[in-house]
Trainee: 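Below is the structure I would like to discuss, written out as structure tokens.
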2 protein chains.
Amino acid sequence: MNTSSRFTVGIHILTLLAYGGGEAMTSEYMAGSVNTNPVVIRRLLSLLRAARLVTSQGGPGGGWQLARPARGITLRDVYLATEGNTLFPMHPNAPNPRCPVGSTIQSALSGHFDDARHALEQQLGQTTIADLVQEVKTQPR
Amino acid sequence: MNTSSRFTVGIHILTLLAYGGGEAMTSEYMAGSVNTNPVVIRRLLSLLRAARLVTSQGGPGGGWQLARPARGITLRDVYLATEGNTLFPMHPNAPNPRCPVGSTIQSALSGHFDDARHALEQQLGQTTIADLVQEVKTQPR
DNA sequence: ATATGCGCAACTAGAATGGTTACTAGTTAC
DNA sequence: GTAACTAGTAACCATTCTAGTTGCGCATAT
């Protein structure tokens, strides 16, 4: 497996929060839906909070809420919050600077990589968490 | 480290082969440009060969060649050969089937993930190895 | 006060990646 | 035929990442 499941699970819990209708939801409850440990969920939620997608509140009755309406959160937002800019890692060691290709390939690639990343994010920006709530509600169990 | 550099290094060595003009090139030479071990390069080349992008030949004067003109090899081809379908891994454990969201989120996501993957590959398909050779040749050292 | 729920550090197991050595087998040149 | 060369591949190692788990501190609502 190449990348992490953070993106997928992040979408899952944001959809849960939106599906819940605005009530604060605990990490323990979400862990029950994702089928994992609450600490794993809290680690992921802290990334989403850093991206201003959710807020947290301690104490009884506390938990997590969306920071803005589900209609205003896209998969692009979730992707950037959970995966950042790790799509196309460069060489593990610097290429040979005395080789015509090695000395220039990375700068030649960076523009094309930016274009590809942009195309991906543009498409992810077309889908909102509200769309997913709708799909979940209309989908046959 | 999150993902692999196979895609980037794969583009590098295909560009090297195209830059070389058609002569057979050894994995040892390529390793010198990438600044790594020849076995690492051969492992990567075996993936590219499985995708019919290169051919190999043993013995003195042997080495590796492009299987078709650089103009006909796109970054999409290299991406699929080196990374396959690992862009959006699903949950590590199956979500809770008794939760309305958990039971449906994966099938709801698959269509959107396909769309995003397609947008990425479509953009990668716009650039050929021949384009990169041209950029490398015209770029200032 | 007490129970609740987040915050976070620490540790573990498993997998992937990249690097390295060593050996086999086939091909070319002489 | 022999020697040199190159790919093919298995085995092993160190590093890093992911996910899971335990434990404890802290804030808050009742």
Side-chain angles (χ1 to χ4, degrees), chain A residues 1-10 12-13 17 20 23-50 54-65 67 82-96, chain B residues 1-10 12-13 17 20 23-50 53-65 67 82-95:
Chain A
M1 195 185 311
N2 201 1
T3 46
S4 77
S5 63
R6 281 193 299 269
F7 180 44
T8 297
V9 177
H12 182 156
I13 62 188
L17 286 170
E23 294 292 299
M25 190 177 286
T26 68
S27 58
E28 186 165 356
Y29 178 84
M30 298 187 230
S33 175
V34 175
N35 196 12
T36 185
N37 189 291
V39 176
V40 173
I41 299 295
R42 288 205 285 263
R43 276 204 288 244
L44 180 47
L45 280 162
S46 78
L47 292 176
L48 300 179
R49 183 181 48 203
V54 296
T55 59
S56 63
Q57 177 72 41
W64 300 79
Q65 290 173 297
T82 55
E83 299 294 336
N85 193 345
T86 59
L87 185 54
F88 299 128
M90 284 289 174
H91 303 60
N93 307 310
N96 187 343
Chain B
M1 196 184 318
N2 200 2
T3 45
S4 79
S5 62
R6 281 193 299 269
F7 179 44
T8 297
V9 176
H12 183 155
I13 62 188
L17 286 170
E23 293 292 299
M25 190 177 288
T26 69
S27 58
E28 185 166 356
Y29 178 85
M30 299 186 230
S33 175
V34 175
N35 195 14
T36 185
N37 190 291
V39 175
V40 173
I41 298 295
R42 288 204 285 264
R43 277 204 285 242
L44 181 46
L45 280 162
S46 77
L47 293 176
L48 300 178
R49 183 183 47 203
L53 301 181
V54 296
T55 59
S56 63
Q57 177 71 40
W64 300 79
Q65 291 173 296
T82 55
E83 300 295 335
N85 192 345
T86 60
L87 185 54
F88 299 127
M90 283 290 172
H91 302 61
N93 307 311

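Chain A is the first sequence line, chain B the second, and so forth, proteins listed ahead of strands; every chain is numbered from 1. Worth knowing before you read on, the calculation uses all heavy atoms, side chains too, and leaves out hydrogens, waters and symmetry mates. Keep in mind that what you see is a predicted model, and the values were worked out from it rather than measured.
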Trainee: Grab the CD-C1' distance between A:Glu23 and C:dG5 for me, whole Å please.
Mentor: 16 Å

Trainee: Starting from P on D:dT6, measure out to CD1 on B:Ile41 and report it in whole angstrom.
Mentor: 16 Å

Trainee: Do A:Leu87 and B:Leu87 come within less than 4.5 Å of each other through their side chains, counting heavy atoms only?
Mentor: yes

Trainee: Ignoring backbone atoms, establish whether A:Arg49 has a side-chain N or O less than 4.0 Å from OP1 or OP2 of C:dC6.
Mentor: no

Trainee: Starting from C1' on D:dG20, measure out to CZ on A:Arg6 and report it in whole angstrom.
Mentor: 15 Å

Trainee: Please state how far atom CG in B:Asn93 lies from atom C1' in D:dT18, giving the value in whole angstrom units.
Mentor: 12 Å

Trainee: Looking at residues at least two apart in the chain, or sitting in another chain, which of them share a side chain to side chain donor-acceptor pair (under 3.5 Å) with A:Thr26?
Mentor: none

Trainee: Counting only heavy atoms and a strict 4.0 angstrom limit, can you tell me which residues of residues 54-64 of chain B come near DNA chain D?
Mentor: B:Ser56, B:Gln57, B:Gly58, B:Gly59, B:Pro60, B:Gly63, B:Trp64

Trainee: Expressed in angstrom and rounded to an integer, what is the separation of B:Met25 atom CE from D:dC5 atom P?
Mentor: 19 Å

Trainee: Using the test side chain to side chain donor-acceptor pair (under 3.5 Å), find all partners of A:Arg43 that sit at least two apart in sequence or belong to another chain.
Mentor: none

Trainee: Looking only at non-hydrogen atoms, find the nearest pair between A:Ala24 and A:Gly62 and report the distance.
Mentor: CB-O, 3.8 Å

Trainee: Please report, rounded to the nearest Å, how far the C1' atom of C:dC6 is from the CG atom of A:Leu48.
Mentor: 15 Å

Trainee: Give, for atom CG of B:Asn37 and atom CZ of B:Arg42, the distance between the pair rounded to the nearest 0.5 Å.
Mentor: 8.0 Å

Trainee: Specify the separation, in whole Å, of atom CG of A:Leu44 and atom C1' of D:dT18.
Mentor: 12 Å

Trainee: Quick one: list whatever passes side-chain contact (heavy atoms from CB on, under 4.5 Å) with B:Thr82, sequence neighbours left out.
Mentor: B:Arg6, B:Phe7, B:Leu44, B:Leu48, B:Val78

Trainee: State which residues pass side-chain contact (heavy atoms from CB on, under 4.5 Å) with B:Ser46; sequence neighbours excluded, sorted by chain then number.
Mentor: B:Arg49

Trainee: Between residues 26-40 of chain B and DNA chain C, which residues have a heavy-atom gap below 4.0 Å?
Mentor: B:Thr36, B:Asn37, B:Val39, B:Val40

Trainee: Please assess B:Leu17 against B:Met30 for the test side-chain contact (heavy atoms from CB on, under 4.5 Å), listing each intermediate value before the final yes or no.
Mentor: CA-CA 9 Å; B:Leu17 286 170; B:Met30 299 186 230; 4.0 Å; yes

Trainee: Please report, rounded to the nearest Å, how far the P atom of C:dG5 is from the CZ atom of A:Arg42.
Mentor: 10 Å

Trainee: With a 3.5 Å cut-off and heavy atoms only, can you find an N or O donor on one side and an acceptor on the other between the side chain of A:Arg43 and the base of D:dG20?
Mentor: yes

Trainee: If we ignore hydrogens and angles and just use 3.5 Å, is the side chain of A:Thr8 paired with the main-chain N or O of B:His91 as donor and acceptor?
Mentor: no

